[in-house]
Structure formats: structure tokens, C-alpha cells
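Fair warning: this is a prediction, and the values are worked out from it, not measured in the lab.
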Amino acid sequence: MLTTSLKKNTDFQRVYKKGKSLANRHIVMFVLKNGRKTNRLGISASKKIGKAVVRNKQRRRLKEAFRALESGILMGQDIVVLPRVGIADADFLDVKASIKHLLRKHGLYSRHAP
């Protein structure tokens, strides 16, 4: 796996303050260059999404969608994803399409990748 986890609160805060954000129906995505050779992914699901079981399921779905798209994502980015309330009703392909859409809008996804 080329993507590692973003874990420290200071890293999240730096991405929120200095990064660029875009949103669609299912997610909000913040992106900031990190000067590394790998991407770092952070997912923060608020209690508005649901109870812990629901939030953790959405985190797992988002991680899997990123893993599936990973080969086409440009390296050297810190990416923070905030799932929106309606994500629990979306199927996996919709979540994956939402991530791909925002990555393309940020200019991080190759058109030639699957």
C-alpha cells in the first residue's frame, strides 16, 4: 500500500488551515502537498454520521475506495476526507465515484488510471 495514515491532530489541523477543500454530495476533501514520496490519508467522521458502528463502517468503505483508486493518485499529498451525513445511504460504487470526482477536481487523479 502506497498510502499511509494521517494520525496526529497537528497534521489534520495543518491540512485544514493550509490545504484546499472541495466537496460533493457524499464527502468533503482537503488536500495539501506533504513533500514526501507517499500519500497520507486521514478520515474524520463526526457523530452526525451515526453511532460508532456506522462511522467505522464508513471509514472502512472510504479506505477501501482509496485503495482501489490508489494506482492513479499522484504521490506526495496529505488528504483528509470528511464523510457527509448522506454517505451511509450510498452504495460503495457511489462512494468510490465521489472520491474519484474530487481527486480529479483537485488535479490528483490520472485520466488514464482505472
Side-chain angles (χ1 to χ4, degrees):
M1 184 173 207
L2 304 170
T3 303
T4 59
S5 291
L6 199 62
K7 295 187 186 271
K8 293 183 181 177
N9 184 40
T10 54
D11 291 337
F12 274 87
Q13 293 304 318
R14 186 174 43 79
V15 175
Y16 290 142
K17 288 181 179 143
K18 296 182 181 177
K20 182 181 174 191
S21 71
L22 292 172
N24 62 21
R25 204 166 121 210
H26 300 298
I27 58 175
V28 178
M29 183 183 292
F30 290 83
V31 175
L32 181 66
K33 288 187 180 184
N34 64 16
R36 299 168 190 245
K37 293 183 180 177
T38 62
N39 288 332
R40 297 190 304 172
L41 174 65
I43 299 171
S44 179
S46 76
K47 289 186 178 181
K48 292 178 188 176
I49 304 298
K51 295 191 183 248
V53 173
V54 176
R55 293 194 307 269
N56 288 328
K57 180 179 180 180
Q58 299 318 313
R59 282 190 199 105
R60 288 193 307 270
R61 291 171 74 196
L62 287 165
K63 284 181 191 175
E64 179 59 23
F66 263 94
R67 191 201 60 73
L69 297 170
E70 191 169 44
S71 62
I73 302 173
L74 296 177
M75 290 292 122
Q77 309 293 324
D78 282 347
I79 302 168
V80 174
V81 176
L82 307 175
R84 288 188 155 177
V85 175
I87 197 168
D89 299 328
D91 66 358
F92 179 74
L93 292 177
D94 289 339
V95 172
K96 187 175 167 184
S98 290
I99 290 172
K100 187 188 277 190
H101 171 251
L102 289 181
L103 286 170
R104 283 198 168 131
K105 281 179 81 172
H106 276 293
L108 300 178
Y109 194 77
S110 169
R111 295 241 184 250
H112 305 294

_Closest heavy-atom pair and its distance - Ala65, Ile99_ = CB-CD1, 3.6 Å
*Donor-acceptor pair, Asp11 side chain versus Arg14 backbone, under 3.5 Å?*
no
*Non-hydrogen atoms of Val54 and Ala88 that approach each other most closely*: CG1-CB, 4.3 Å
*Does a side-chain heavy-atom distance below 4.5 Å link Ile87 with Leu62?*
yes
_Distance in Å, His101 NE2 paired with Arg25 CZ, rounded so as to fall on 0.5 Å steps_ = 12.0 Å
*asked:* When you measure from the side chain of Arg55 to the backbone of Gly50, do you find a donor-acceptor pair of N or O atoms at a distance under 3.5 Å?
replied: yes
_For the backbone of Leu74 and the side chain of Asn39, can you confirm whether one donor and one acceptor N or O come within less than 3.5 Å of each other?_
yes
*Any side-chain heavy-atom pair from Ser44 and Tyr16 closer than 4.5 angstrom?*
yes
*Given side chains that start at C-beta, do those of Lys51 and Val53 come closer than 4.5 Å, heavy atoms only?*
no
*Just by modelled atom types, is the Lys48 backbone N or O under 3.5 Å from a matching donor or acceptor in the Ser46 side chain?*
yes
*Any side-chain heavy-atom pair from Val31 and Lys20 closer than 4.5 angstrom?*
no
*asked:* Closer than 3.5 angstrom, by distance alone: can the side chain of Arg84 be matched with the main-chain N or O of Asn24 as a donor-acceptor pair?
replied: yes
*Taking all atoms of both residues into account, what is the closest heavy-atom pair of Leu6 and Phe12, and its distance?*
O-CE1, 3.2 Å
*Any side-chain heavy-atom pair of Phe30 and Asp78 under 4.5 Å*: no
*asked:* Using a strict threshold of under 4.0 Å (side-chain N to carboxylate O), is an ion pair present between Glu64 and Arg61?
replied: no
*Determine the minimum heavy-atom distance between Leu103 and Met29, stating which atoms define it.*
CD2-SD, 3.9 Å
*State the CG-CZ distance between Leu22 and Arg104, to the nearest 0.5 angstrom.*
14.5 Å
_Tell me the closest heavy-atom pair linking Ile73 and Tyr109, and the distance in Å._
CG1-CD1, 4.0 Å
